[in-house]
Each structure stands twice: as structure tokens, then as C-alpha cells.
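Read through the structure below, which is laid out as C-alpha cells, and then see the notes.
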Amino acid sequence: MNFFEDIVQKLNRLLYVKPKRPAGVVSPEDKIRLRKEVSNTLFLVLSGEMTVLKALLNFPKNSNDKSIDVCFHILMHLEADEDIRKKDNDYREEQDEFILNIAELLQNGEDIPINIIKEYNDFYKETLIYPVINKETIISRLKKFINI
């Protein structure tokens, strides 16, 4: 039985251990372009032209920008609070105003204040990192799985 537990444990590590953040240099122009793209997504969600789920599914991956990453968590929080927002207009208006301010900062290419980033990072321990799926990553994951 210990043999099977070991296999299950290795499979879990293979499938659920997050990869290291890719080390990539993003140009300032790309950073601003991505921030404006995320800002536009937030505006579309607030206006009701895009669902939160669609925004999350199409959210930029591996951005290497903490201001962008925290917006993913803001959208997750928005989706989780849907029932509260329906019952409490004041809460909904306050949350919408907060998201609007974040969207305006990003539209101007500015950083989200560090206290907001820290608050969301403390609340959501996960970061938005997706592995690049190619031959090398598949082989390295298989090697890790079979302990080579």
C-alpha cells in the first residue's frame, strides 16, 4: 500500500505544485499596454458588458506585474461577493467605486498602491502563474514524477 501512496503523492506534487515564476523582462511599453487591457476589462465588467467569469477566463497569464495579478484576485472577490452585492446596495456601490479607482490607475499606467497589493496577497496566497506547456516542461515534469 505504501507504494501506491507514494505514487499518489508524486502525482499530486506533479499536478499541484506551482512552477517558479518565469524570469522575463517586460518592456515598459508592454507593461502599460497590459495594464490598459486589464483596465478595459474591469470597465467592461463594471458596466455589465462582460461577465466576471469571462473576464477571469480571458485574464492575462504570467504577467510578472503585481498590479495586474492583484486584479485577478479583485475579480475573484467580486464573483464571490455576488450574493452580498444583490442584498446590500451600499456594499455594491463601495466595491464598484473601489474597482473603478483601480481601473483608472491602470488606465493611466500607474501602480496599484502597495498596501492594496499586500492585502490581496495576504488574502489570496496563490499567484497567477501558468506553466508554459511545451516539450521541455512536459519532459521535466515527467522526470520529476518518476524521480529522475
Side-chain angles (χ1 to χ4, degrees), residues 5-142 144-145:
E5 289 175 0
D6 188 43
I7 289 175
V8 169
Q9 193 175 39
K10 286 182 180 180
L11 269 173
N12 281 335
R13 272 194 303 242
L14 173 73
L15 297 174
Y16 298 111
V17 172
K18 294 186 301 185
K20 294 179 184 172
R21 183 176 287 272
V25 178
V26 179
S27 71
E29 295 83 18
D30 287 341
K31 189 177 191 179
I32 289 173
R33 180 194 53 75
L34 190 59
R35 285 182 178 188
K36 288 185 180 200
E37 180 183 317
V38 169
S39 172
N40 290 336
T41 299
L42 292 175
F43 287 135
L44 290 172
V45 167
L46 285 176
S47 69
E49 295 177 47
M50 180 184 289
T51 65
V52 176
L53 181 59
K54 185 173 182 179
L56 289 170
L57 290 173
N58 296 322
F59 203 83
K61 297 163 182 63
N62 301 337
S63 70
N64 291 326
D65 183 350
K66 291 181 181 183
S67 291
I68 297 297
D69 292 346
V70 80
C71 289
F72 181 82
H73 299 303
I74 287 171
L75 287 170
M76 287 177 52
H77 194 93
L78 180 66
E79 181 69 17
D81 286 352
E82 184 178 345
D83 56 335
I84 298 170
R85 291 170 54 83
K86 286 180 182 177
K87 295 176 187 174
D88 188 344
N89 284 337
D90 291 337
Y91 181 81
R92 180 180 42 79
E93 289 174 7
E94 187 176 319
Q95 193 175 39
D96 287 351
E97 186 176 321
F98 171 76
I99 295 170
L100 182 62
N101 288 335
I102 295 295
E104 288 172 349
L105 285 173
L106 293 177
Q107 192 67 38
N108 295 329
E110 298 176 34
D111 291 335
I112 292 177
I114 194 70
N115 63 320
I116 294 173
I117 292 172
K118 183 176 176 353
E119 182 179 328
Y120 275 93
N121 284 343
D122 288 346
F123 190 70
Y124 294 103
K125 300 286 185 212
E126 302 296 317
T127 55
L128 186 63
I129 302 172
Y130 293 84
V132 176
I133 304 299
N134 56 27
K135 187 172 106 177
E136 290 79 25
T137 57
I138 292 172
I139 291 171
S140 69
R141 291 255 172 152
L142 285 173
K144 182 179 177 183
F145 173 68

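Between Phe43 and Leu100, the closest heavy-atom pair is CE2-CD1, 3.4 Å. Of all the heavy atoms in Arg35 and Ser67, the pair that sits closest is NH2-OG, 3.6 Å. The heavy-atom pair separating Ser39 from Ala103 by the smallest distance is OG-O, 2.6 Å.
Salt-bridge annotation for Asp111 and Lys66: absent, with no side-chain N of the basic residue lying under 4.0 Å from a carboxylate O of the acidic one. Look at Glu29 and Arg33 and you find no salt bridge, because none of the NZ, NE, NH1 or NH2 atoms lies under 4.0 Å from a carboxylate O.
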Using the side-chain contact (heavy atoms from CB on, under 4.5 Å) rule, take Asp88 and Arg92 through it: C-alpha gap first, then chi angles, then the decisive distance, then the call. CA-CA 6 Å; Asp88 188 344; Arg92 180 180 42 79; over 6 Å; no

So Leu56 and Val52, side-chain contact (heavy atoms from CB on, under 4.5 Å) or not? Walk me through it. CA-CA 6 Å; Leu56 289 170; Val52 176; 4.0 Å; yes

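Here the OH-CG distance, from Tyr91 to Asp96, works out to 10.5 Å after rounding to the nearest 0.5 Å. How far CG of Asn115 is from CD1 of Ile112: 10.5 Å, rounded to the nearest 0.5 Å. Taking OG1 from Thr51 and CD from Glu79, the interatomic distance works out to 8.0 Å, rounded to the nearest 0.5 Å. Between atom CZ of residue Arg85 and atom CD of residue Glu93 there is a gap of 10.0 Å, rounded to the nearest 0.5 Å. Leu78 CG to Ile74 CD1: the interatomic distance, rounded to the nearest 0.5 Å, is 9.5 Å. Rounding to the nearest 0.5 angstrom, the gap separating the CG atom in Asn40 from the CD atom in Gln107 is 5.0 Å.
Checked by atom type and distance alone, the side chain of Asn108 never pairs as donor or acceptor with a backbone atom of Glu110 at under 3.5 Å. The main-chain N or O of Lys54 is found under 3.5 Å from a side-chain atom of Asn58 such that the two form a donor-acceptor pair.
Phe72 has its side chain out of reach of Val38: every pair of non-hydrogen atoms, C-beta onward, lies at least 4.5 Å apart. Counting heavy atoms from C-beta outward, Leu34 and Glu37 have side chains that approach closer than 4.5 Å. Considering only heavy atoms from C-beta on, Pro60 stays 4.5 Å or farther from Thr41 through its side chain. Contact of the Leu42 side chain with the Leu75 side chain is registered, since non-hydrogen atoms from C-beta on lie closer than 4.5 Å.
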